[in-house]
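To keep things clear, I will list the structure first and then write my remarks on it.
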Amino acid sequence: MSNIDFLKVLGLEDLNQGVSTGNDWMMTSDEIESMSPVDGRRIGTVRVAGLDDYERVIKTAEKAFLEWRQVPAPKRGDIIRQMADAFRKYKQELGTLISYEMGKSLQEGLGEVQEVIDVCDFASGLSRQIYGLTMHSERPDHRMYEQYHPLGIVGVITAFNFPAAVWSWNTMLALVCGDVAVWKPSHKVLMTATACQKIAAHVLKENNIPEGVCSLVCGANDIGEIMAKDKRIPLISATGSTAMGRKVAVAVGERLGKTLLELGGNNAIIITENADLNIALHASVFGAIGTAGQRCTTTRRLIIHSSIFEDFKIKLINAYKQVKIGDPLLEGVHMGPLIDQAAVQNYLHALEECKVQGAQFIVEGGVLEGVGYESGCYVKPCIIEVQPDFAIVQKETFAPLLYVMQYDTLAEAIAIQNGVSQGLSSGLISLNIRETEFFLSHAGSDCGIANVNIGTSGAEIGGAFGGEKDSGGGRESGSDSWKVYMRRQTNTINYGTGLPLAQGIKFDF
Ligand code: NAD
C-alpha cells in the first residue's frame, strides 16, 4: 500500500486540523509538520492549538460532562464497543501510519492498534462492573456502602512511542466511567493522533453524542503545561519522561488535583544459573531491540549469573548479528529508526559517556549510513559490559543500549536490579521455584511489573500497568485501574427512628 492510500483511507490530508471537540474540527493558526523517521519525508502538517482554541475545547468539555455522566454506564460501554469495531476496520491503515510516523515495525504498529481494540473491549465489559462495596454499619438500622462517581474532565498527555495505545488506555476507561477526555498527544506523532480522533469522532457522531466528550488538542509541551495547571481538569494522566512527570506532579499537586503518572523505566532481566537460556536469549533480544529500545519497558540491563556470563555473552553477540535494521514497514525487519535526530544525539552522547566511564563494548554502536538509511535516524543496537554502579547505567537512554553485568547470589542480583531510581518492569529467568518465588516475594523485585520466564517488555492490557519510584506510581489499563478515573463516595443511610451519634454523644434537647 502506498503512503497516499493509507493516509486517504484514514481521512488525512496534507494539511490537517489538530484541534477537535469530537466531530467539530477548529480552524487554528499554528502548524507542526510530521516527519517520518523511516525515510525523512514529511507525512503532513497538523494545525495546533493556541490559548483561545484550548479554552474553547475545555469549555465544551465541561458542558459535555454534564450530559455524558447522565448516560447510563452500559450505554456508554456500548459506544466504546462500537469504537472497538471502528478500530478493527482501520487496523491495517492505522498500524501502517503508526509504523511510518513513529518508526516501530509494522507488526508492532498493528499490535498497537490491537491494544486499542482490546482496551475498548475491556472497557465495554467494565461498563457493567463499576462495583462498589457494601459494609455493615456499627449503628442499628443503618446501611453503609461505597459508590463511584465520574470526576469530570480527564486530561490525557501522551508520549511519542505509543501514539495510539496509551490514549486509548486512558480515554476508553475514562469514558465508560462517565468522564470526558481531552487528549494532548506528543507533537512528534500528530498524524496518528488526528487519525485516532477521526475514527472515534465518527462513532460519537453516529450516536449523536454531544461535542466535547472526546477531544483532541494537538500542541507542543506548553499545552501540556497549561493543562497541568488547569483547575477545571481534576485528573491529569501523563505518560512520558520522569523529568516531565516531576513538573506535572508539582503543577497538579499545587492545585490539589489528581495525577496518574506513567514515566521512564530502567528495566532489568535477571538470568540465573537455572535459566532456560533459549527463553533468556529471546526475552533479552526482543526486550532490548524491540521498538529500537524506545519502549518504557525496554530491557536496558541484563544481570547474569557469573557461571553462565561468558557463554551467554557469546549467544547475545551471535543473536545481534541476525538483527535486521531498516525500513520498519518491510517484512522481516526487526528494528526501525529512532524517532528523530535529537534521539540519535542522545544515543551518541550515551555511547560517549560509556567510554568515559570505562565500559567495554561487546557489540559496537554507531549511526547507519547509506541507501535506506537516508533519514539519519537508524542506529546499531549495542551491548555494553558495565559495573552496576556506573552513572550511565542509572539513566534511561531511550535507545537500543543493553548493559550487561554479572552477579553471584540472587540477593545480590535483586539488590542490583532494585538499585536504580526507576521501578517499572522486571523479569527473572529461572526454572528453580525457590528463585522465582523469592523474586516475586516482598523481598524481591520492587517494580510495578515483575515477570517470570518472560522479559520486561510487552504487557497485557488485562493487568494494571505502571511502575514505582521514578516510574511514577500510576496504574492504568486493566484490573481495577478504572477507580483512578472516579471519585469514591461513602454513603451511610439511617432507616431507623432515632439518630445514634458517633462516640455515644448525647444532647439533652
Ligand atoms: P516527554 O516527557 O518528552 O513527553 C511526553 C508528553 O509530555 C508529550 O506530550 C509532551 O508534550 C508532554 N510534556 C512535556 N513537558 C511537559 C510539561 N512540563 N507539562 C506537561 N506536559 C509536558 O516523553 P517522550 O519523549 O514523548 O516519551 C519517552 C518517555 O516516555 C520515556 O521516558 C518513556 O519511558 C516514557 N514512557 C513511559 C510509559 C509508561 O507507561 N511508563 C509509556 C510510554 C513512554
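All residue numbers in this chain count up from 1 along the given sequence. Order of listing sets the numbers, starting from 1, for every ligand and every atom in it.
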Which residue and atom name correspond to the protein heavy atom nearest [atom], and how close is it?
| atom | answer |
| --- | --- |
| atom 36 (N) of ligand 1 | Cys296 CB, 3.6 Å |
| atom 28 (C) of ligand 1 | Phe398 CE2, 3.6 Å |
| atom 17 (C) of ligand 1 | Glu225 CG, 3.6 Å |
| atom 21 (N) of ligand 1 | Gly224 CA, 3.5 Å |

Of the side chain and backbone of [X], name the one, both, or neither that has a heavy atom under 4.0 Å from an atom of ligand 1.
| X | result |
| --- | --- |
| Thr239 | both |
| Leu263 | backbone |
| Ala159 | both |
| Lys247 | side chain |
| Glu396 | side chain |
| Met244 | side chain |

> Any idea how Tyr378 and Tyr373 line up, ring-wise: parallel (<30°), tilted (30 to 60°), or perpendicular (>60°)?
Replying inline: tilted
> Has Lys355 got its NZ or CZ under 6.0 Å from the middle of the six-membered ring of Phe361, at an angle within 45 degrees of the ring axis?
Replying inline: yes
>> Rounded to the nearest 0.5 Å, what separates atom CG in Asp179 from atom CG in Leu151?
In response: 5.0 Å
> Nearest heavy atom to atom 8 (C) of ligand 1: which of Asn221, Leu261, Thr158 does it belong to?
Replying inline: Thr158
> For atom 2 (O) of ligand 1, which of Gly240, Ser241, Gly472, Ala459 has the closest heavy atom?
Replying inline: Ser241
> Among Trp169, Phe122, Phe162, whose ring pair (Phe, Tyr, Trp, His ring centres under 6.0 Å) with Phe465 holds?
Replying inline: Trp169
Output the list of atoms in ligand 1 that are nearer than 4.0 Å to some heavy atom of [X], sorted by atom number.
| X | value |
| --- | --- |
| Phe465 | 39 (C), 40 (O) |
| Lys184 | 8 (C), 9 (O), 10 (C), 11 (O) |
| Ser186 | 9 (O) |
| Val248 | 19 (N), 20 (C) |

>> I'd like to know if atom 30 (O) of ligand 1 has any protein heavy atom within a distance of less than 4.0 Å.
In response: yes
Looking at [X] and [Y], would you say the former's side chain and the latter's main chain have a donor-acceptor pair under 3.5 Å?
| X | Y | answer |
| --- | --- | --- |
| Gln197 | Cys214 | yes |
| Asn16 | Val46 | no |
| Arg300 | Ala399 | yes |
| Lys104 | Pro328 | no |
| Asn266 | Gln394 | yes |

>> Using every non-hydrogen atom in the two residues, find where Cys354 and Tyr403 come nearest and quote the distance to one decimal.
In response: SG-CE2, 3.8 Å
> Which heavy atom of Leu190 sits nearest a heavy atom of Pro185, and at what distance?
Replying inline: CD2-CG, 3.8 Å
> Would Ile157 count as a contact of ligand 1 if the rule is a heavy atom under 4.0 Å away?
Replying inline: yes
> So is Pro185 close enough to ligand 1, meaning a heavy atom under 4.0 angstrom away?
Replying inline: yes
> Quick one: does Phe160 get an N or O within less than 3.5 Å of an N or O on ligand 1?
Replying inline: yes
> Does Asn161 reach ligand 1 with a nitrogen or oxygen that is under 3.5 Å from one of the ligand's nitrogen or oxygen atoms?
Replying inline: no
> Any Lys/Arg nitrogen of Arg42 or Asp14 sitting under 4.0 Å from an Asp/Glu carboxylate oxygen of the other?
Replying inline: yes
>> Could you go through Arg41 and Glu33, starting from their C-alpha distance and side-chain angles, then the distance that decides it, and tell me whether this counts as salt bridge (Lys or Arg N to Asp or Glu O under 4.0 Å)?
In response: CA-CA 10 Å; Arg41 294 208 191 126; Glu33 285 188 335; over 6 Å; no
